[in-house]
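Scroll down for the structure; my scribbles are underneath it.
We name chains A, B, ... by the order of the sequence lines, and we start the count at 1 in each one. Atom set for the values below is all heavy atoms of this structure, side chains included, hydrogens, waters and symmetry mates excluded.
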Amino acid sequence: MSVRVQTDDFDINAEIAALTNGRADIGAVVTFTGLVRDAEGSVSEMTLEHYPGMTEAALTEIEAEARARWPLQGVTIIHRVGPLAPADQIVLVIAASRHRQAAFEAAAFLMDYLKTRAAFWKKEASPDGDASWVDARESDEAAAERWGRT
Amino acid sequence: MSVRVQTDDFDINAEIAALTNGRADIGAVVTFTGLVRDAEGSVSEMTLEHYPGMTEAALTEIEAEARARWPLQGVTIIHRVGPLAPADQIVLVIAASRHRQAAFEAAAFLMDYLKTRAAFWKKEASPDGDASWVDARESDEAAAERWGRT
Amino acid sequence: MQVLYFAWLRERIGKGSETVDPPADVATPAALIDWLKSREERYVAAFQDVSAVKVAIDQKQADMTTSLAGAREVAFFPPVTGG
Amino acid sequence: MQVLYFAWLRERIGKGSETVDPPADVATPAALIDWLKSREERYVAAFQDVSAVKVAIDQKQADMTTSLAGAREVAFFPPVTGG
């Protein structure tokens, strides 16, 4: 399954191997890993909520869209849900292709679409017990729009 | 050392961990892995030759250029030399930043510059014993030029 | 009809889902919000700024004016922040 | 002066490096190539198409017309194909 929503952590080496093992027609593999960031020591925990069913459908649709736009030998999308700590991995996107341009563009596209189209919500808890929902960023909407309407 | 030329294989998980371990100020990690491609069964072995000293200097310069252009928390460049088989890993580039756009752009830039500025040469041997040096691709030069003169 | 709430909408309303049976003239998500607000104060607080609320009908992104005809599941949520 | 050859240049010339002592009027990489070609046939074959040859002086990318004054190491090689 190339699209997964899970509470467990993921292993990037294992996920790349699952895409590339035994294949000699792949020349380029690009991975994107998103991590829980806490630059100011203001986040003690992050919780990821999602809309079960709809998220998987959206990720599957995003994957199909990427495969229609670029010649890809493999795509993996894994998004974690539940409680996470600073520096924990949140999301993994892998795009494998013959050449690097397709792999880079597809991975960037997958992340831009995921950020704006997949039903996940982040809540940050601070060390003093306050908790607040992360606001959507307009720059994410702009990033998704550069790929044109679908 | 964030720039290495080596005959040994590399471990992507370990290289990412070396950049990110214990740091909560990194939100995005992009990796590019180049693999020996043999889509038509015409390559039995690839040999990477390089110009010792000059390659390391060029990679260090490319890394510095990327750090000057994007706010990066970490950069790793590893390029293998010597004999390699189809599906083997050739090159690894990692860019870590707060946000994904800088990480994606820096990783693509590093690869484009590496492809045109670093003194490596590929020779492919076919199963019937023929061997030929891989020709440079004009598209690589064009890819490097899109980042502007330095 | 099943109605789902996510993130801060879920917290303000105090539940993640409920089954409702609105009158026949509640034909759009916008009308459904108005009908929910007319029933209880917490919906008024939750749907204070509807411009910040997204809707999906049967797990497909929809608009506030999309028809609810035949809908089994309507979800309200803030803009997504995954990744 | 140390001269290095890489990839198919190395193969055609039959060695990866050599120490040479060209006359004083060999002031550029282009002149060095002409001088090498005047000495042995294999350099003529190797440097047949100079437009396909790159040069570095003391490990810095250079041009065929860059001055060789003070150069200790000159390298000739085809366009790079790493990555």
Side-chain angles (χ1 to χ4, degrees), chain A residues 3 5 32-37 46-62 77-82 84 89-93 107-125 131-141 143-144 150, chain C residues 1-20 28-30 32-33 36-37 41-83:
Chain A
V3 167
V5 177
F32 174 89
T33 311
L35 307 168
V36 178
R37 202 156 49 82
M46 173 173 280
T47 308
L48 261 295
E49 178 171 332
H50 79 305
Y51 183 171
M54 190 171 165
T55 35
E56 288 85 349
L59 296 181
T60 301
E61 208 173 289
I62 291 166
I77 307 174
I78 301 173
H79 203 297
R80 294 178 70 190
V81 291
L84 299 172
Q89 303 186 124
I90 304 172
V91 63
L92 174 66
V93 154
F109 168 90
L110 287 163
M111 280 309 303
D112 287 345
Y113 265 48
L114 187 157
K115 282 265 184 188
T116 54
R117 310 275 200 278
F120 294 99
W121 300 275
K122 284 176 180 157
K123 186 179 194 174
E124 290 177 349
S132 62
W133 292 93
V134 173
D135 281 328
R137 294 167 63 209
E138 277 177 35
S139 60
D140 284 333
E141 201 51 63
T150 58
Chain C
M1 180 190 292
Q2 186 82 354
V3 187
L4 308 184
Y5 311 103
F6 292 98
W8 51 258
L9 274 159
R10 174 179 53 72
E11 290 183 338
R12 288 188 198 169
I13 292 165
K15 54 186 156 192
S17 71
E18 62 184 321
T19 303
V20 299
T28 65
L32 179 58
I33 290 173
L36 289 165
K37 286 163 87 171
E41 188 55 41
R42 55 184 171 164
Y43 295 101
V44 177
F47 290 109
Q48 209 163 260
D49 178 9
V50 182
S51 73
V53 175
K54 306 279 182 185
V55 63
I57 300 175
D58 292 330
Q59 305 196 354
K60 291 261 172 214
Q61 196 98 27
D63 289 317
M64 288 298 177
T65 56
T66 304
S67 169
L68 286 180
R72 285 153 312 186
E73 183 175 296
V74 179
F76 294 108
F77 45 82
V80 302
T81 56

Can you give me the closest heavy-atom contact between [X] and [Y], atom names plus distance?
X      : Y      : value
C:A75  : A:Y51  : CB-CE1, 3.3 Å
A:A136 : C:V80  : CB-O, 3.9 Å
C:G83  : A:M111 : CA-CE, 4.1 Å

What part of [X] gets closer than 4.5 Å to chain C, counting heavy atoms only: side chain, backbone, both or neither?
X      : value
A:A118 : backbone
A:D140 : neither
A:K122 : both

Distance check, rounded to the nearest 0.5 Å: C:K60 atom NZ versus A:E61 atom CD?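 If we round to the nearest 0.5 Å, C:K60:NZ and A:E61:CD are 5.0 Å apart.
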Spatial distance of atom CE (A:M46) from atom OG1 (C:T81) [nearest 0.5 Å]: 8.0 Å
Plane angle bin for A:W121 and C:F6 - parallel if under 30°, tilted between 30 and 60°, otherwise perpendicular: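 The rings of C:F6 and A:W121 lie parallel, inter-plane angle below 30°.
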Against chain A, label C:E11 side chain, backbone, both or neither, depending on which of its atoms sit under 4.5 Å from a heavy atom there.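 Contact with chain A involves the side chain of C:E11 alone.
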Under 4.5 Å to a heavy atom of chain A? For C:A52 that would be neither
